[in-house]
Amino acid sequence: MTLFKNLIGGEWTASHTGATFETRNPADTDEVVGVFQKSDADDARQAIEAARAAQPAWAAIPAPKRGEILHRAAAILESRADQVAREMTREEGKTLPEARGEVGRAINILRYVGGEGARLGGEYAPSERDRVFIQTRRRPLGVVGLITPWNFPIAIPTWKTAPALICGNAVVLKPSDLAPLCAVRLVEALHEAGVTKGAINLVTGPGSKVGNELVTNSAVKAISFTGSEGTGSAIAVDAARRRARVQLEMGGKNPTIVLADADIADAVNVVVNAAFFSTGQRCTATSRVIVEAPIVERFTAALVARAKTLKVGNGLETGIEIGPSIDAKQLATVLDYVGVGTAEGARLLTGGERLSSGPHARGYFSSPAVMSDVAPEMRIAQEEIFGPVLAVLPARNLDHAIEVANGIRFGLSAAICTTSLTSAYEFINRIEAGLVMVNLPSAGVEYHVPFGGSKASSMGMREQGSVAIDFYSEWQTAYVKY
Ligand code: UN1
């Protein structure tokens with residue numbers, strides 16, 4: 001069992017509080033994974049100060065050279081990929097293949113964003129006036145605060161930190177208390193790769209103290225947050241009060257439409273992946289499957305049959321497909337929503353039970369739940385659950401399916417299974433979602449294209465892809481007369 005420290009001003013530092021907290025394996029709660037600093041606002045302030053002091057020196061390094069440092073960090077992380085993936089499975093619960101995939105994603109992000117260093121160009125524009133050149137270039141914002149969730153414990157810290165750094169900002173990263181270890185590993189790699197001391201800082205501890213300081217401290221020019229809608233909305237208000245830039249990625253209630261012309265076996269695979277893999281703990285997960293009337297029964301039967309075969313257990317073991325919920329609270333939410341759905345008149349076709357004997361005795365496991373006879377206005381069809389609970393809703397036709405799909409507050413991701421090109425494009429055109437998938441799971445995105453949602457799911461500029469740097473930079477326009 002290891003004690004992990006904050007990184008402040010390039011030094012691994014204990015919190016001045018002297019307090020720590022531990023993380024435990026959600027698949028085996030007897031196992032302590034790590035012990036971390038229970039920091040408070042003073043620690044966060046110190047990190048912000050260190051970031052402010054270091055930022056000019058970091059920004060003075062030519063952007064392509066900053067990119068080389070990110071490339072070095074990628075190589076360091078790659079040399080530790082297996083260890084970091086195992087730590088992720090032990091701390092977050094996702095299966096080892098999923099964890100390996102996520103570490104690979106983080107490495108790819110560092111490489112991709114590192115390349116952006118050489119592409120941070122601006123524009124030349126002709127002037128209305130004689131002998132005047134107009135040029136634009138990107139400038140860093142200064143200090144940025146990054147608040148990240150537990151469910152993608154390395155990918156999300158990486159996809160916020162890398163574009164922030166490549167633009168020349170200094171970073172204070174606050175990872176989730178439930179799974180901070182991978183963020184420590186990312187920051188170690190960046191520190192060892194040669195990021196200027198103080199340009200990358202890590203502070204662990206409660207959101208109410210560390211996160212709140214980042215959001216309210218006037219030296220922090222931008223906040224990027226992924227997490228719950230409630231916290232995100234509060235951040236937006238606090239940040240607006242002092243005119244800080246915000247980028248929020250919050251909830252989803254993502255639909256997959258299955259049309260009668262779809263290949264049923266393919267559609268079942270797509271929906272099972274989207275709804276149940278990563279234990280449904282992805283904001284891009286499918287939690288509503290909207291099925292065209294002629295195939296509702298056939299599709300649902302095949303879906304239930306497949307859901308029953310899913311192997312739930314400790315993600316370190318070979319063959320396990322679904323890990324535990326992250327903690328007791330999340331598991332209680334999952335089981336509670338199954339009860340809510342039943343009370344609303346939905347029918348539980350399979351799963352939705354706590355698994356607590358044998359190999360499941362010491363973890364937060366439940367069996368993947370499929371509920372039918374769900375009406376669009378029911379709570380299980382409207383509220384984010386963040387667990388392996390899938391609602392099946394019937395639809396008369398494509399128009400009706402799109403109407404049901406759009407009938408929610410959220411708009412992150414949406415998928416359709418169909419063999420009709422016309423239906424696919426009709427869906428792309430009319431669905432209210434930032435991410436649209438055809439014959440693919442609603443979750444599982446790539447790093448080099450924009451990521452984000454509409455409606456209550458997101459606020460601010462998109463993450464990932466080359467547009468990620470828009471959030472972390474501002475334009476300077478220079479007029480030059482010769
Ligand atoms: C994915 O589906 O690959 O927190 C990524 C989340 C999202 C990331 C999803 N921000 O689940």
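What you see is a predicted model, and the numbers here were worked out from it, not measured in a lab.
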- Message: So, using side chain to side chain contact (heavy atoms under 4.5 Å, CB included) as the criterion, who are the partners of Lys38 when residues are at least two apart?
- Response: Ala19, Phe21, Pro206
- Hey, are the side chains of Arg24 and Val33 touching, using non-hydrogen atoms and a 4.5 Å cut-off? no
- Would you confirm whether Ser176, through its side chain, and Pro149, through its main-chain N or O, come within 3.5 Å as a donor-acceptor pair? no
- Message: Tell me which pairs pass side chain to side chain donor-acceptor pair (under 3.5 Å) where either residue lies in residues 433-447, with sequence neighbours left out.
- Response: Thr286-Ser442
- Message: Does Gln37 form a side-chain hydrogen bond (donor to acceptor under 3.5 Å, both in side chains) with Ser15? I'd like the steps, not just the answer.
- Response: CA-CA 6 Å; Gln37 304 301 311; Ser15 165; 5.0 Å; no
- Query: Between Ser278 and Glu98, does a side-chain hydrogen bond (donor to acceptor under 3.5 Å, both in side chains) hold up when you go through it step by step?
  - Reply: CA-CA 8 Å; Ser278 302; Glu98 286 173 330; 3.3 Å; yes
- Look only at the side chain of Asn201 and the backbone of Gly9, and say whether a donor-acceptor pair between them is shorter than 3.5 Å. yes
- Note on the structure: When every non-hydrogen atom of Ala73 is compared with those of Ala193, the smallest separation belongs to N-CB, 3.4 Å
- Message: Using the ring pair (Phe, Tyr, Trp, His ring centres under 6.0 Å) criterion, which residues pair with Phe386? Sequence neighbours excluded.
- Response: Trp150
- Message: Please determine whether a side-chain nitrogen of the Lys or Arg among Arg185 and Glu87 lies less than 4.0 Å from a carboxylate oxygen of the Asp or Glu.
- Response: yes
- Validation row: Leu355, Ser366 side chains within 4.5 angstrom (heavy atoms): no
- Message: Please confirm whether the ring centroid of Trp159 lies under 6.0 Å from the ring centroid of Phe451.
- Response: yes
- Item | Donor-acceptor contact below 3.5 Å, side chain Gln330 vs main chain Ile385 | yes
- Item | Polar contact flag, side-chain donor to acceptor under 3.5 angstrom, Ser458-Glu249 | yes
- Message: Between Ser79 and Ile76 (side chain of the first, backbone of the second, donor and acceptor by atom type, cut-off under 3.5 Å), is there such a pair?
- Response: yes
- Derivation and outcome, side-chain hydrogen bond (donor to acceptor under 3.5 Å, both in side chains), residues Thr309 and Arg306: CA-CA 5 Å; Thr309 68; Arg306 174 75 180 100; 2.7 Å; yes
- Of all heavy-atom pairs linking Phe471 and Ile223, the shortest is CZ-O, 3.4 Å
- Can you sort out the partners of Phe276 under ring pair (Phe, Tyr, Trp, His ring centres under 6.0 Å), two or more places apart, ordered by chain and number? none
- Note on the structure: Tightest non-hydrogen contact, residues Gly252 and Leu412, listed as CA-CB, 4.5 Å
- side chain to side chain contact (heavy atoms under 4.5 Å, CB included) evaluation trace for Val184 with Leu202: CA-CA 7 Å; Val184 174; Leu202 171 95; 3.7 Å; yes
- Message: Quick check on Lys209: does its NZ atom have over 12 non-hydrogen neighbours (other residues, nucleotides or ligands) under 6.0 Å away?
- Response: no
- Task: Not counting sequence neighbours, list each pair that qualifies as a salt bridge (charged side-chain N to carboxylate O under 4.0 Å, His left out) and has a residue in residues 140-169.
- Result: Lys160-Glu463
- Item | All side chain to side chain contact (heavy atoms under 4.5 Å, CB included) counterparts of Met459, not counting sequence neighbours | Ala236, Val246, Leu248
- Message: A side-chain contact here means heavy atoms from C-beta on lying under 4.5 Å apart; do Asp40 and Val210 qualify?
- Response: no
- Verify, without hydrogens or angle tests, whether Lys5 (side chain) and Ala14 (backbone) share a donor-acceptor contact under 3.5 angstrom. no
- Message: Closer than 4.0 angstrom, basic N to acidic O: yes or no for Arg45 and Glu213?
- Response: yes
- Message: Within the structure provided, determine whether Val187 and Leu173 are in side-chain contact (heavy-atom separation under 4.5 Å).
- Response: yes
- May I have all residue pairs that pass salt bridge (charged side-chain N to carboxylate O under 4.0 Å, His left out) and include part of residues 365-375, sequence neighbours excluded? Arg347-Asp373
- Task: Check the pair Leu146, Lys174 against side chain to side chain contact (heavy atoms under 4.5 Å, CB included), reporting the backbone distance first and the verdict last.
- Result: CA-CA 6 Å; Leu146 310 179; Lys174 186 218 125 24; over 6 Å; no
- Item | Smallest separation among heavy atoms of Pro180 and Thr23, with atom names | CD-CG2, 3.5 Å
- Please answer whether the main-chain N or O of Pro368 pairs with a side-chain N or O of Lys308 as donor and acceptor at a distance below 3.5 Å. no
- Message: One pair to check against side chain to side chain contact (heavy atoms under 4.5 Å, CB included): Asp42 and Thr17. What are the steps and the verdict?
- Response: CA-CA 9 Å; Asp42 283 341; Thr17 62; over 6 Å; no
- Task: Taking His448 for its side chain and Gln464 for its backbone only, find out whether a donor-acceptor pair lies under 3.5 Å.
- Result: no
- Query: Would a 4.5 Å heavy-atom cut-off, applied to side chains only, mark Val171 and Val143 as touching?
  - Reply: no
- Note on the structure: Contacts satisfying salt bridge (charged side-chain N to carboxylate O under 4.0 Å, His left out) that involve residues 70-79 (not counting sequence neighbours) are Glu78-Arg111
- Task: Would you please name every residue forming a side-chain hydrogen bond (donor to acceptor under 3.5 Å, both in side chains) with Glu344, sequence neighbours left out?
- Result: none
- Message: Could you tell me if the side chain of Glu192 sits less than 4.5 Å from the side chain of Glu188, heavy atoms only?
- Response: yes
- Query: Has the side chain of Arg288 got a donor or acceptor atom that lies under 3.5 Å from a matching backbone atom of Gln382?
  - Reply: no
- Using a 4.5 Å cut-off on heavy atoms from C-beta on, say whether the side chain of Glu384 contacts that of Met250. no
- Task: Would you check if Thr226 and Thr148 make a side-chain contact, meaning some heavy-atom pair closer than 4.5 Å?
- Result: no
- Item | salt bridge (charged side-chain N to carboxylate O under 4.0 Å, His left out): pairs with one or both residues in residues 406-415, sequence neighbours excluded | Glu229-Arg409
- Under the side-chain hydrogen bond (donor to acceptor under 3.5 Å, both in side chains) test, which residues partner Thr333, sequence neighbours left out? none
- Task: Carefully, step by step, assess Val374 and Ile380 under the rule side chain to side chain contact (heavy atoms under 4.5 Å, CB included).
- Result: CA-CA 8 Å; Val374 177; Ile380 53 162; 3.7 Å; yes
- Query: Is there a donor-acceptor pair under 3.5 Å between the side chain of Asp470 and the backbone N or O of Met461?
  - Reply: no
- Query: With sequence neighbours excluded, what pairs up with Asn6 under the side-chain hydrogen bond (donor to acceptor under 3.5 Å, both in side chains) test?
  - Reply: Ser39, Thr204
- Query: When you check the gap from the basic side-chain N to the acidic O, do Asp28 and Arg90 get nearer than 4.0 Å?
  - Reply: no
- Item | Over-ring placement of Lys94 relative to Phe152, 6.0 Å and 45° cut-offs | yes
- Under 3.5 Å, is there a donor-acceptor pair linking the side chains of Thr161 and Thr158? no
- Task: Compare every heavy atom of Lys455 with every heavy atom of Asn406, then report the nearest pair and how far apart it is.
- Result: O-NZ, 3.0 Å
- Mark yes or no for whether Gln281, through its side chain, and Ile326, through its backbone, hold a donor-acceptor pair below 3.5 Å. yes
- Closest heavy-atom contact between Ala51 and Val172? CB-CG2, 4.1 Å
